[in-house]
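In the text below, chain A, chain B and the rest are named by the order of the sequence lines, each starting its count at 1.
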Amino acid sequence: MTRYDPATTEPKWQKAWDEAQTFRATMEGDRPKYYVLEMFPYPSGRIHIGHVRNYTMGDVIARYKKATGHNVLHPMGFDAFGMPAENAAMASGGHPKTWTYDNIDTMVAQMKPLGFGIDWSRMFATCDPEYYGQQQALFLDFLEAGLVTRREAEVNWDPVDMTVLANEQVIDGKGWRSGAEVERRALTQWFFKISAYSEELLDALDQLDDWPARVKLMQANWIGKSRGLQFSFPVIDAPEGFGEIEVFTTRPDTLMGASFVAISPDHPLAKHLEAAKPAVAAFNAECRKGGTTAEAIETAEKLGLDTGIRVRHPLDPDWELPVWIANFVLMEYGTGALFGCPAHDQRDLDFVRKYDLPVISTYVPIDGEITLPEDGGDPYVPPKTEQVHYTKLVAGDAYQTGEEAIDAAIALAEQRGIGEGVTKFRLRDWGLSRQRYWGCPIPVVHCDACGVVPEKKENLPVRLPDDVSFDIPGNPLDRHPTWRDTTCPACGKPAKRETDTMDTFVDSSWYFARFTAPHAETPTDMEAAQYWMNVDQYIGGIEHAILHLLYSRFFARGMIKTGHLPEKAAEPFDALFTQGMVTHAIYVTRDEKDRPVYHFPEDVEIHESGARLGATGEEVEIIPSAKMSKSKKNVIDPVNIIEQFGADTARWFVLSDSPPERDVEWTASGAEAANKFLARIHRMATEISEERPHGSDERLLKELHKTIDDVTKGIESFGFNAAIAKIYAFAGTLQKAPASGTKHDGLKTLAQLMAPMTPHLAEEVWQMLGGDGLIANAPWPEADESLLTEDTVTLPIQVNGKRRSEISVAKDLPKSEIEALALADDAVQRALNGGAPKKLIVVPGRIVNVVI
RNA sequence: GCCCGCGUGGUGGAAUGGUAGACACAGGGGACUUAAAAUCCCUAGGCGAUAAGCCGUGCCGGUUCGAAUCCGGCCGCGGGUACCA
């Protein structure tokens, strides 16, 4: 008996697929198209087991769809621009380009042995000039179509290194290299006008039936549509040009509980006051310390400064309120100013308690007592749909819901001409400027005479220069005179190139469209886009639920507007699946200064008494389980598993144990078990590979068709682990079954069911059993409906909801007879103890419940 | 802080309103073998005695004939938070 040997078998079948061009996608034939895409990887160095999991899932879908008669497109590429390449260049003196392309070569060489059914002829990297040149063309078309604008926005500024920092490079409010306290500084930057699409991007979520509900909810909350009242507070003794302060509120019903007006440190009035008042200037400078992230701003200590300016309450001219500058007021949202109502908002209450301002409740619960916030209680914040008792009413009835009171307040304000109801969105425009080298150059030129001038399309791509260095902080493009200095495309006079490059999210916002015609001389080829779009199934991590997916949805709309995609591609991803991460324990020792030193799992030996370093025997601390990360060294390189057990084992294991949307802990023992099972399947094939015997096995045939049905449904619903459990169960039954024609056919069909997951083994078994051609080209088995039903069913019998017994009855037995049988049951008799049941619930085919 | 998830045996998990723990890993016992490997069989949530029974899906409460599943409140963990990708 020959043992299954993946080392020879897997390359053999990969070569066979290659030679037959099995996965080359063309627009020929009349089969329906199917486009399956996994979020493309960043070329970080080597692939890890999480990549294997992600691309195996996509491959299962791709191979399954091919078997069900589809013309499948399954491409692969690399999201190749970004910071890590520059960091590597800074750390080790290489060039981002060399580093990136070397990594891509390594990762492709690691992925090919996994046997993915990918059309490798379509591969590209976003750092290929061929790709980013087309992206520059897209940018120019977007600019012309009015989808791009330029204005000031804040960045993290490292005052020592004199550079812009990414959020990731700000650690505890300090620059990662200099250690200097970071401050926020405004720069003129390019923006995509995504906020103009707020309403549309929100509304269209409803049509995405095959997206996870939580992703749609996160996007909806991110876009953040809210209706409220915009109105002004008249300023008393106003500085010139600041006669009133305009605010936006979603709770105009609480206007009679206002206790202060707060403006952002970036509000025009705050900036105006800086000039005359050193205290304001100092306060605003204090507020601008720290990074730009929402987390940093929201969790910072709430600070306020009384400007001394006072305003009048719009509903009561005798009521004066103080105007404060507060660091929690964002200039980007609403009007950059608000009124505080501490009785019904925790943040406002914290603020007034800190600065000793009044608290005024405007409503109380209808039922029940609360300690009013005036008397030291918590703020009262019921849902807007709940009816409350208004004690200080703006409009409407004293007893009404928050929603009703808000509508009434807006109506009153509009009637009196105080303000108007407006709809605001939280979504901000997409700042795409990055002050970095390794990205797509923004194809514009700054000319003293003509201003900002778009580069001519015939001059694209604007290529990144190769001769740059990273020995000093900052963007090397800024100090590269021969690249930076150019001539104005409009007037021909000397001018300077834009040295900012694009956010890498731009690169990943249209790559899916480029895969449909990766070498077209325009960004897309309309015929190919018309044929292949949309992506039928998109697969990727939940961490992309908001930004990447939202930007892609915007970009698709922009590409339609500029004639680069057909109308139908406005929502480019028909179905979305978000998979979980692969996690692993972290192994740590301590150095002489008690600093953590991380170790790769393969360097650690696990003993009963604990873990030790293989090389030195030093004791190792085990930190339970965390997301795989290169810096913590808790990454599993799948190459080890592939070398030891083969690609099919790696594929089978990553699919078998965990539901794909959930995080999975990597364990080596699981891979061994997966390998044993695959060897078992192969052994079965060697045992029954001779001629197909006569004779059928009805019981086995029913099992087989049930398995076909279960596995098909499992794959369709991404229930790979459950599908695999069914395969395990059927394989056990099959192995024990006596020889028959059914057994022979059953193993062949089992190979087909496994083919999307373990394609090499499946080809091997298929060939051994005399299958026709490649299993990769064989049509998917269909379950015979007539074999799926059973004549008798087992009904559990509950007494008061607890299982006490079970009966086996004919499937179509009338309810009355089931009732009689259930009541006659010993356990039920015992429970009834001579009495009669209060109620008898019979759910045909499912359960009986006797209520006593 | 805010938004979104998740929490089930020693472990990965199954069951999405109807028999909690399918399938597998690790464990225990056995067969085969001179021995080992490989393979095969049995066992397995907890308490109880192997019975009856009781308890049990992070915690507390609710809806229901019936809740891991639906609702409310908490705790813990994870993802995102607009310059990580």
(request) State plainly whether the residues Arg434(A) and Asp503(A) are in salt-bridge range, i.e. N to O under 4.0 Å. (result) yes
(message) Starting the side chain at C-beta, find the nucleotide from A82(B), G1(B), C4(B) nearest to Leu427(A).
(response) A82(B)
(request) Would you kindly check whether a donor in the side chain of Arg436(A) faces an acceptor in the base of C83(B), or vice versa, at under 3.5 angstrom? (result) yes
(message) Under a 4.0 Å threshold between the charged nitrogen and the carboxylate oxygen, would Glu38(A) count as salt-bridged to Arg53(A)?
(response) no
Taking only nitrogen or oxygen atoms into account, show me every contact under 3.5 Å that the protein makes with nucleotides 46-57 of chain B, one pair per line with its distance.
| unit_1 | atom_1 | unit_2 | atom_2 | d |
| --- | --- | --- | --- | --- |
| C54(B) | OP2 | Arg804(A) | NH2 | 3.4 |
| C55(B) | OP2 | Lys802(A) | NZ | 3.0 |

(request) Return the 5'-most residue of the pair Pro659(A), Arg680(A) with respect to RNA chain B, ranking by each residue's nearest nucleotide. (result) Pro659(A)
Return a table of donor-acceptor pairs under 3.5 angstrom between the side chains of residues 729-737 of chain A and protein atoms on other chains or two or more places apart.
| unit_1 | atom_1 | unit_2 | atom_2 | d |
| --- | --- | --- | --- | --- |
| Thr733(A) | OG1 | Ala729(A) | O | 3.1 |
| Gln735(A) | OE1 | Arg680(A) | NE | 2.8 |
| Gln735(A) | OE1 | Arg680(A) | NH2 | 3.3 |

(message) I want to verify a distance call: between A20(B), G5(B), U39(B), whose nearest atom is closest to the Arg214(A) side chain?
(response) G5(B)
(message) Would you say Asn221(A) places a side-chain N or O within less than 4.0 Å of OP1 or OP2 belonging to C4(B)?
(response) yes
(request) Using a strict cut-off of less than 4.0 Å between a Lys/Arg side-chain nitrogen and an Asp/Glu carboxylate oxygen, indicate whether Arg251(A) and Asp345(A) qualify as a salt bridge. (result) no
(message) Could you check G9(B) for me: syn (within 90° of 0) or anti?
(response) syn
(request) Identify, with sequence neighbours excluded, every residue that meets ring-ring contact (aromatic ring centres under 6.0 Å, His included) alongside Tyr42(A). (result) none
(request) Answer yes or no: is there an ion pair linking Asp266(A) with Arg184(A), defined by an N-O contact shorter than 4.0 Å? (result) no
(message) Using the rule side-chain contact (heavy atoms from CB on, under 4.5 Å), only one of Val170(A), Thr163(A), Val164(A) pairs with Asp158(A); which is it?
(response) Thr163(A)
(request) List for me each residue that meets ring-ring contact (aromatic ring centres under 6.0 Å, His included) alongside Phe425(A), sequence neighbours excluded, and say none if there are none. (result) none
(request) Give the dot-bracket string for RNA chain B, reading 5' to 3', where a pair is Watson-Crick or G-U wobble with both distances under 3.5 Å, ( ) marks pairs inside the strand, [ ] marks pairs crossing earlier ones, | marks a partner on another strand, and . marks unpaired. (result) (((((((..(((.....[....))).(((((.......))))).(((.....)))..(((((..]....))))))))))))....
Close N/O contacts between protein and nucleotides 62-65 of chain B (under 3.5 Å):
| unit_1 | atom_1 | unit_2 | atom_2 | d |
| --- | --- | --- | --- | --- |
| C65(B) | O2' | Asn849(A) | ND2 | 3.2 |
| C65(B) | O2 | Asn849(A) | ND2 | 2.6 |

(message) Counting only side-chain heavy atoms from C-beta out, which of C83(B), U19(B), G18(B) sits nearest to Gln435(A)?
(response) C83(B)
(request) Please state the P separation for the pair A67(B) and G58(B) - nearest whole angstrom. (result) 15 Å
(request) Taking only Lys NZ, Arg NE, NH1 and NH2, and the carboxylate oxygens of Asp or Glu, determine whether Lys706(A) and Asp710(A) approach each other closer than 4.0 Å. (result) yes
(message) Base, sugar-phosphate or nothing for Ser433(A)? Non-hydrogen atoms, less than 4.0 Å.
(response) base
(request) Determine, for Asp709(A) against Lys713(A), whether the closest basic-nitrogen to carboxylate-oxygen distance falls under 4.0 angstrom. (result) yes
(message) If you go through the side-chain atoms of Gln189(A), does one of them form a donor-acceptor pair with the base of C83(B) closer than 3.5 Å?
(response) yes
